[in-house]
Amino acid sequence: MTDAAGLDPFSLIAAHDERHAFDAVVPPIAQTSLFTFNSFAEMEETYLGQRVRPTYTRGLNPTVRLFEEKLAAMEGAEDAMGFASGMAAISSTVLAFAQPGDRIVAVRHVYPDAYRLFEILLKRMRIEVTYVDGRDEEAVAKALPGAKLFYMESPTSWVMEAHDVGALAALAKAHGVLTMIDNSWATPVFQRPISLGVDLVIHSASKYLGGHSDVVAGVVAGSKAMIREIRAQTYPYLGGKLSPFDAWLLIRGLRTLPIRMKAHEADALSVAHHLKAMDCVDSVQHPALANALPAGLTGTSGLFSFTFKDGVNVPRFADTLRLFKLGVSWGGHESLCVPGQVVLSQNQGPNSGHAFGISPRSVRLHVGLEGAGALKADLDAAVAAALAA
Ligand SMILES: *Cc1c(COP(=O)(O)O)cnc(C)c1O
């Protein structure tokens, strides 16, 4: 995999400018809110835009910038911008491009808080969002004319509907519709949407990019012009800036992203096949177990769901698990379980799990890095307890 200059983008992960860092192999953290000027002239030139240098961390911070450059290289994008959370990246990006009266088309079952942003905040701003099954290209083509933005997530959060991202991006381009995708699940290791024709790629960096469950962060990558637009329209005012320390943790996470993703892929596939072979399991929602992977998706990660048949005591199953912890989020080293029944116990309306295709008999798993053998034994014990109950 090479970029336009013939460089392997992942080789850039290890690169940083060591001149100002005592030749340290790990970059320093510019843990500072402000940067001082050496003279009136330097300060004035900076204010006039004749000189680019940090002034205040909400605008520009060298550690955050280093993370942004590395992530842009990995996504094959011209530029990137870091945020305090994935939701800050999503909201700042959508609000930079959508105006009152605009319509957004989104694939159905998007990440629940993205859905709530659309249904609650955007509605209040008279921005309408319509939802389509991203696997149905005819339905997408029908919905696109007149839309401002096409919002994608592939595969989707719980039911793991995987889309032909390149084909959908081409449809949107034909209708002059701007495209953005939530690429948190696949990461640039397995899906590089810019190369598939998508305009803007966002991540919850809290998931695989960080990889150690110790940071909440987000990022958007795209052309220099579009990133400049977000910087001008929303970024400084909504203020969801990535902190220097979190950027430093993300730089550390990126170094091991490719090998972690390969381990998540192999172990999750092994666990998914193991579940599929169980008599008490009705179906497994894993993109590699459904059909062939769509073009552009070159691998699969550690997050998938499965659905029990009737008669399984799901609370007993959950309480017997030892390696799989009960917890939301995913993308770290640890294995996690979310029973659909718990999600569905929330209220109706946009806060309800019913909007995301979740069944009460379904369970979402994140397969971490503990090793597939031990994880399968953990599931076997929990299933045995759930059936005996
Ligand atoms: C977690 C998540 C988000 C939101 O990211 P935060 O960093 O928690 O704000 C967005 N999209 C997907 C698919 C996620 O899993």
Side-chain angles (χ1 to χ4, degrees), residues 64 67 71 75 80-95 106-122 129 131 134 151-163 165 180-191 193 198 200-221 234-235 238-243 245-247 249-250 253 261 264 268 285 287 297 300-305 327-332 334 336-338 340 343 350-351 353 355-358 364-368:
V64 175
F67 162 69
L71 193 277
E75 284 288 5
M81 197 186 287
F83 288 87
S85 69
M87 281 313 302
I90 293 170
S91 55
S92 294
T93 302
V94 169
L95 291 171
V107 299
R108 66 179 187 180
H109 309 322
V110 292
Y111 176 70
D113 276 338
Y115 179 73
R116 289 167 196 137
L117 167 74
F118 297 160
E119 291 300 299
I120 298 169
L121 189 63
L122 295 195
V129 184
Y131 302 91
Y151 185 93
M152 295 181 265
E153 183 182 325
S154 180
T156 54
S157 279
W158 191 286
V159 291
M160 305 291 146
E161 287 176 358
H163 311 134
V165 171
M180 78 184 263
I181 189 168
D182 183 332
N183 201 32
S184 307
W185 187 91
T187 83
V189 174
F190 291 140
Q191 183 165 262
V198 176
L200 290 157
V201 180
I202 72 98
H203 282 275
S204 169
S206 325
K207 312 295 161 55
Y208 287 125
L209 301 188
H212 295 73
S213 302
D214 51 12
V215 56
V216 171
V219 65
V220 57
T234 52
Y235 181 66
L238 295 177
K241 174 75 178 190
L242 177 61
S243 81
F245 181 60
D246 287 347
L249 288 172
L250 293 177
M261 293 311 290
H264 286 297
Q285 289 79 48
L297 183 62
T300 55
S301 68
L303 185 77
F304 67 96
S305 303
V328 298
S329 194
W330 45 273
E334 77 285 17
L336 293 164
C337 165
V338 182
V343 180
N351 287 320
F356 310 106
I358 299 172
R364 193 184 76 178
L365 295 181
H366 178 253
V367 172

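Ligands are counted one by one from 1 in listed order, and the atoms in each one are counted from 1 as well. As the structure is a computational prediction, the values presented were derived from the model and not from experiment.
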J.: Run the side chain to side chain contact (heavy atoms under 4.5 Å, CB included) test on L365 and W330 for me, step by step, so that the C-alpha distance in whole Å, both residues' side-chain angles and the decisive distance to 0.1 Å come before the verdict.
T.: CA-CA 9 Å; L365 295 181; W330 45 273; over 6 Å; no
J.: Protein N/O near ligand 1 N/O, under 3.5 Å, which pairs?
T.:
residue: ligand 1; atom: 5 (O); partner: S204; partner atom: OG; Å: 2.9
residue: ligand 1; atom: 7 (O); partner: G86; partner atom: N; Å: 2.8
residue: ligand 1; atom: 7 (O); partner: S204; partner atom: OG; Å: 2.9
residue: ligand 1; atom: 7 (O); partner: S206; partner atom: OG; Å: 2.6
residue: ligand 1; atom: 9 (O); partner: G86; partner atom: N; Å: 3.0
residue: ligand 1; atom: 9 (O); partner: M87; partner atom: N; Å: 2.8
residue: ligand 1; atom: 11 (N); partner: D182; partner atom: OD2; Å: 2.5
residue: ligand 1; atom: 15 (O); partner: K207; partner atom: NZ; Å: 2.6
residue: ligand 1; atom: 15 (O); partner: W330; partner atom: NE1; Å: 3.3

J.: Angle between ring planes, Y151 versus F118, binned at 30° and 60°: parallel, tilted or perpendicular?
T.: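 Judged by the thresholds at 30° and 60°, the geometry between Y151 and F118 is perpendicular.
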J.: Do any N or O atoms from the side chain of E161 and from the backbone of V107 form a donor-acceptor pair under 3.5 angstrom?
T.: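 Side chain of E161 to backbone of V107: no pair is present.
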J.: Could you tell me whether the side chain of Y131 and the main chain of V110 form a donor-acceptor pair under 3.5 Å?
T.: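 Pair absent, no side-chain N/O of Y131 close to backbone of V110.
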J.: Please confirm whether the backbone N or O of S157 pairs with a side-chain atom of H109, one donor and one acceptor, at under 3.5 Å?
T.: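 Pair absent, no side-chain N/O of H109 close to backbone of S157.
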J.: Kindly determine whether H264 and H366 satisfy side chain to side chain contact (heavy atoms under 4.5 Å, CB included), including the steps that lead there.
T.: CA-CA 9 Å; H264 286 297; H366 178 253; 3.7 Å; yes
